[in-house]
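Heads up: the structure comes next, in structure tokens.
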2 protein chains.
Amino acid sequence: MQIGELARQTGCEVETIRYYEREGLLPAPARSASGYRSYEPQHVEQLNFIRHCRSLGMSLADIRQLADYHRHPAPEPCDRVNALIDDQIRRVHSQIETLQQLERQLQALRDRCHSPHTLADCGILKTLEDASSGEPCVCHPTATDKKIAG
Amino acid sequence: MQIGELARQTGCEVETIRYYEREGLLPAPARSASGYRSYEPQHVEQLNFIRHCRSLGMSLADIRQLADYHRHPAPEPCDRVNALIDDQIRRVHSQIETLQQLERQLQALRDRCHSPHTLADCGILKTLEDASSGEPCVCHPTATDKKIAG
DNA sequence: CTTGACCCTATAGTAGCTACAGGGTGTGCA
DNA sequence: TGCACACCCTGTAGCTACTATAGGGTCAAG
């Protein structure tokens, strides 16, 4: 099967498939006489594995690890698989908390301006300006919540 | 004041300050005879403004807009400021919802493997493999929740 | 014999920084 | 005077996970 057909079967863009190959996530397939990539059904499965993990928010590095365990189902304990998933859950959870705090801060800022104003008189801009001069602001009640989310 | 001092006063890295200047967010300061950047107190305020907005998760493009309104407090209505903040709140909110769904999916996957297993017998890996072959999986009860979060 | 759909490689762009390499400047100390 | 060391400069490459070209080749149908 050609790359376009693989793309259709997996819902993954052609360029992304070539990118995964370059990154060593998807094994390089055989080539036709004219140099076209020629995929086997197992490639569909491998690509689905990658896309499934991506849909769970995992990094390509983590997926590479998982795919390795997948390919070599050794009789060792699967602690590292669990640890990998646990880390991912922790990361997602902490992102949620960061964003929830962000949402509260933005809402507090937004509450500064509800009725129609002019720019010169806008509570939002004024709050942002005051905060720039080091004054306390509604959005950041404590100093520690002002760090920038990665 | 030199760039290092500005960095110290604002908690912003020197490279980041130069980056903001390149991007047109922070006005280019005067230079000393030896070519060193020489900042005024107003630069502290402007940089604080940028960092404050960044801590609210705003993009540099949005911050550029806000800084423009800030510099030109015209007597027009501040609708666009409000719209900008509202958009940001919407974006943050939808990111939270996406991540919460992700967390549920990851937890469902994690629940597949609690007691000690070998790799060959790991419920997590098995679930991921089955999903790659198109079988229904615990993490994605419906097909629509499988899209990849940006 | 041409059109159009497909394929190839290589490179540059996205956001918001961060981290060099390779050089110059300025101050303190022996 | 010589040297160490902290600071500054520009320019460029790296990070993630793609996406989007440019510029070309291949193949089947009409």
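Order of the sequence lines fixes the chain letters, A, B, ..., with proteins taken first and strands second; residue numbering starts at 1 for each chain. All values derive from a computational prediction rather than experimental measurement.
Contact between the side-chain N/O atoms of B:Gln2 and the OP1/OP2 oxygens of D:dC8 is found at a separation under 4.0 Å. Regarding contacts with the backbone of D:dC18, a side-chain N or O of A:Arg54 is found under 4.0 angstrom from either OP1 or OP2. At D:dC18, one or more side-chain N or O atoms of A:Tyr20 fall inside 4.0 Å of OP1 or OP2 (strictly under the cut-off). For C:dC17, the OP1/OP2 oxygens have a side-chain nitrogen or oxygen of B:Arg51 closer than 4.0 Å. Proximity of B:Arg18 to the phosphate of D:dT10: no side-chain N or O atom is located under 4.0 Å from OP1 or OP2. Proximity of A:Arg37 to the phosphate of C:dC8: a side-chain N or O atom is located under 4.0 Å from OP1 or OP2.
In terms of position on DNA chain D, the residue among A:Ser34 and A:Leu60 whose nearest nucleotide sits closer to the 5' end is A:Leu60.
Rounded to an integer number of Å, the gap from CG of B:Asp62 to C1' of C:dA15 is 13 Å. Spacing between atom CG of A:Leu56 and atom P of D:dA17 amounts to 14 Å, rounded to whole angstrom units. As rounded to whole Å, 13 Å separates atom C1' of D:dC18 from atom CD1 of A:Ile63.
Of the candidates C:dT18, C:dG16, C:dC8, C:dC8 carries the atom nearest the A:Tyr36 side chain, counting heavy atoms from C-beta on. Side-chain proximity of B:Arg8 to C:dT18, D:dT19, D:dC7: nearest is D:dC7. With D:dT19, C:dC7, C:dA19 as the candidates, the nucleotide lying closest to the side chain of B:Glu15 is C:dA19.
Inspection of the B:Gln88 and B:Arg91 side chains reveals an N or O donor paired with an N or O acceptor under 3.5 Å.
Across all non-hydrogen atoms, the minimal contact from A:Ala28 to A:Glu21 is CB-OE2, 3.6 Å.
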